[in-house]
Amino acid sequence: NYLTQTNIAQAEEDENAFNAFFVKLVRSWDVTKGGKKVPLTANAMKDMPLLLLRAVYNGILSQAGDTADEAGKASNAS
């Protein structure tokens, strides 16, 4: 699982680390810019609006937290 506290912390510290981390988290997307599909690469992320990337990133972390919370509740109920 790539979604670890260490990887998240590194991504929060550096733009290049964030871009690489983001690409590993997102499996695919259909984002276009100027009518052309934006490739899902760390280099292409440099040209994307940070607000868009952060919104997707925060959504992923939020869902991961919800999934972890549900797994914890299920194991505590056993």
Side-chain angles (χ1 to χ4, degrees):
N1 184 357
Y2 193 72
L3 194 58
T4 65
Q5 290 300 323
T6 300
N7 288 340
I8 292 169
Q10 289 173 342
E12 294 292 328
E13 292 177 11
D14 176 78
E15 180 184 353
N16 290 331
F18 173 81
N19 290 341
F21 184 70
F22 182 89
V23 168
K24 287 191 177 198
L25 289 179
V26 178
R27 305 258 179 191
S28 67
W29 71 356
D30 294 326
V31 175
T32 61
K33 186 174 183 180
K36 294 185 177 183
K37 187 173 179 178
V38 176
L40 189 54
T41 64
N43 194 44
M45 296 307 102
K46 293 177 185 177
D47 295 329
M48 296 301 296
L50 185 57
L51 287 175
L52 170 67
L53 298 179
R54 286 287 177 180
V56 173
Y57 173 78
N58 289 333
I60 291 169
L61 294 184
S62 174
Q63 280 191 320
D66 292 345
T67 301
D69 290 345
E70 289 303 316
K73 289 176 188 174
S75 67
N76 288 337
S78 301

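One-based numbering along the sequence shown.
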On a heavy-atom basis, which atom in [X] and which in [Y] lie closest, and how many Å separate them?
X: T32; Y: V38; value: C-CG2, 4.0 Å
X: A11; Y: F18; value: O-CB, 3.3 Å
X: L53; Y: N19; value: CD1-OD1, 4.2 Å

Check: residues 43-52 side-chain donor-acceptor pairs under 3.5 Å, at least two apart:
none

Original post:
For residues 26-54, which residue pairs qualify under ring-ring contact (aromatic ring centres under 6.0 Å, His included), counting only residues two or more places apart or in two chains?
Top reply: F22-W29

**OP:** Can you tell me which residue pairs pass the ring-ring contact (aromatic ring centres under 6.0 Å, His included) test with a partner in residues 34-53, sequence neighbours excluded?
**Re:** none

Subject >> Contact list for residues 28-45, test salt bridge (charged side-chain N to carboxylate O under 4.0 Å, His left out), sequence neighbours left out >> reply: D30-K37

**OP:** Please name all residues satisfying side chain to side chain contact (heavy atoms under 4.5 Å, CB included) with T6, sequence neighbours left out, ordered by chain then number.
**Re:** T4, Q10

Original post:
For E12, what residues pass the side chain to side chain donor-acceptor pair (under 3.5 Å) criterion, not counting sequence neighbours?
Top reply: R54, Y57

Subject >> Side-chain touch L25/V56, heavy atoms, less than 4.5 angstrom >> reply: no

